[in-house]
Amino acid sequence: MNFKTIIEPFRIKTVEPITMSTQQEREQYLKDAHYNPFLLKSRHVIIDLLTDSGTSAMSSNQWAAMMRGDESYAGARSWKRFEKAVHKLTGMPHILPTHQGRAAERILYTYIGGKGKYFFSNTHFDTTRANIEYSGATAIDLPVQEAHNFQSDYPFKGNLDVVKLQEHISRLGSENIAAVILTVTNNSGGGQPVSMQNAREVSHLCRHNNILFVLDCCRIAENSYFIHKNEPGYQNKTYREIAQEMFSLSDAAVMSAKKDGLVNMGGFLTLRNDELSDACMQLLIITEGFTTYGGLSGRDMEAIAVGLEEVFDPDYLTYRITSTQYLGESILKKGIPIIYPVGGHAVYVDAKKLYSHIPVKQYPGQALVCELYRIGGIRSVEIGSVMFGKYNEQGQLIPAPMELVRLAIPRRVYTQSHIDYVVEVFDEILAAKDRVKGLTITKEPKFLRHFTAHFAPAG
Ligand code: F0G
């Protein structure tokens, strides 16, 4: 019997209270946070969809494994279990544990980057781009054309445009290209999946031109789900086998285990090349820690080893993707413009379309982020010109290609009624739509400004 209701495939053993607040209170909290939800206190948030990173609920098996944590400085049993789990998944010989994804990025990209070097990606995530640019190198996004069409139901909008990649390689010369990074799923491009075919083509181009091919694999289990569902030839493969095949095409991988590792902290860098690994190990020891723990404690490595098994469980993945789709399709039915099809870890609202009366230089995405908090206590994040906007020499904003708001769903944390509440809040968002105003930035740092910038309502 196949029932149509897909239930959460877990029971709740520990609970964490949510503090309710009134709209009036939230208006004050928002003002105190300079209209930047990163600056809100978490106890003032009702449903926290700021990120799916490090916000997973761990399983009883992960907590049990943590008690086994071997905290020896070198050669710990926990390191061996972690190394085995990562090796089994990635097949790569060199594994460098880091405290989170961006530490793996910093190590690899500062070593291979620098002035005059170029990186290409389906879309660089913000920390990826920041690490590359901080090294002096240039990061260029090459999403496929379909990624810009929010209505088409093309199933692999996360793909990288290999024709354009080939053109750039011919123009720049492969010796100036530090790496090609395929981010699966493509977080900044709407959480859209990448097909195996595309990974194969990128791999082929990179091998042919002797360019390093890096997988940013922090959501690879979710990506595998989409390949299994939508790419011909993968229906009889397990999710883990699909992930393993994708790793086999790459030369290196960076992972923030805070996503599909189902843990609250951790990451790693894996490499095939011995020399590159030796160089990165040096940086690992200088900046993170000794090679058998990097930036992690033994118990963290235990939790990741278990998480990397659990995340490929078919019941878990079915529930995970179905619940994200449920949120996306429910608000789409109400008339909220979203990136369609719905991605794996988040729903992305097209704020430029929803608030077409707000000019891009007044950040429609940030306006929606503030509205979601004000009306429903929901915390989300802008992925648009606040995050990726730049200034030209005259100080004018060069906007990002899209003005999105991401509703990221923490793994195994919220239930159906929480999601139904979010859907209901969108009724009010629609009702109040025309009187929403934009924002201006009053203070900002040079890099990754969205984390700490201050805003004020536009006049
Ligand atoms: N790569 C991708 C695709 C990411 O989504 C992230 C983090 C990182 C790298 C960096 O990993 O946070 O462990 O240092 N994304 C989080 C997010 C922050 O909210 O999407 P990290």
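Note that ligands are numbered from 1 as they come in the structure, with each ligand's atoms numbered from 1 the same way. Every heavy atom of this structure was used, including side-chain atoms; hydrogens, water molecules and symmetry mates were not.
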### Message
We want to know whether Asn36 and His450 form a side-chain donor-acceptor pair, criterion being a heavy-atom distance below 3.5 angstrom.
### Response
no
### Query
Taking the non-hydrogen atoms of Glu105, is any one of them nearer than 4.0 angstrom to ligand 1?
yes
### Summary
One finds that the ligand 1 atoms under 4.0 Å from a non-hydrogen atom of Ser256 are 11 (O), 13 (O), 21 (P)
### Task
Could you tell me whether Arg379 and Asp48 make a salt bridge, using a distance below 4.0 angstrom between a side-chain N and a carboxylate O?
yes
### Task
Decide whether an N or O pair under 3.5 Å exists between Gly101 and ligand 1.
yes
### Query
For atom 5 (O) of ligand 1, which protein heavy atom lies nearest, and how many Å away is it?
Asn187 ND2, 2.8 Å
## Note on the structure
Honestly, for Arg406 the part within reach of ligand 1 (heavy atoms, under 4.0 Å) is side chain
### Query
Which of the numbered atoms in ligand 1 are below 4.0 angstrom from a heavy atom of Thr127?
8 (C), 9 (C), 10 (C)
### Residue Arg449 excluded, over 12 heavy atoms near CZ under 6.0 Å
yes
### Message
Under 4.0 Å, counting heavy atoms only: does Cys218 come that close to any atom of ligand 1?
### Response
yes
### Message
Heavy-atom pairs closer than 4.0 Å: do any link ligand 1 to the side chain of Arg102, the backbone, both, or neither?
### Response
both
### Task
Indicate whether any N or O donor in one side chain lies under 3.5 Å from an N or O acceptor in the other, for Thr185 and Gln192.
no
### Query
For ligand 1, is there an N or O atom under 3.5 Å from any N or O atom of Thr183?
no
### Query
Taking the six-membered ring for Trp, are Tyr414 and His418 parallel (under 30°), tilted (30 to 60°) or perpendicular (over 60°)?
perpendicular
### Message
Checking side-chain polar atoms at under 3.5 Å, does Thr55 have a donor or acceptor matched by the opposite partner on Arg411?
### Response
no
### Residues Asp141, Arg129: salt bridge by 4.0 Å N-O rule
yes
### Query
Can an N or O of Lys258 be found at a distance shorter than 3.5 Å from an N or O of ligand 1?
no
### Message
Looking at Arg102 and Glu105, is any side-chain nitrogen of the basic one under 4.0 Å from a carboxylate oxygen of the acidic one?
### Response
no
### Message
Once you measure the plane-to-plane angle for His168 and Phe120, does it fall in the parallel (<30°), tilted (30-60°) or perpendicular (>60°) bin?
### Response
tilted
#### Entry: Heavy-atom nearest neighbour in the protein, as seen from atom 21 (P) of ligand 1, with distance rounded to 0.1 Å
Gln100 NE2, 3.3 Å
### Task
May I ask which of His99, Lys259, His345 has a heavy atom nearer to atom 6 (C) of ligand 1 than the others do?
Lys259
### Message
Tell me the protein heavy atom at minimum distance from atom 1 (N) of ligand 1, and give that distance in Å.
### Response
Asp216 OD2, 2.6 Å
### Message
How far is atom 18 (C) of ligand 1 from the closest protein heavy atom, and which atom is that?
### Response
Phe125 CZ, 3.8 Å
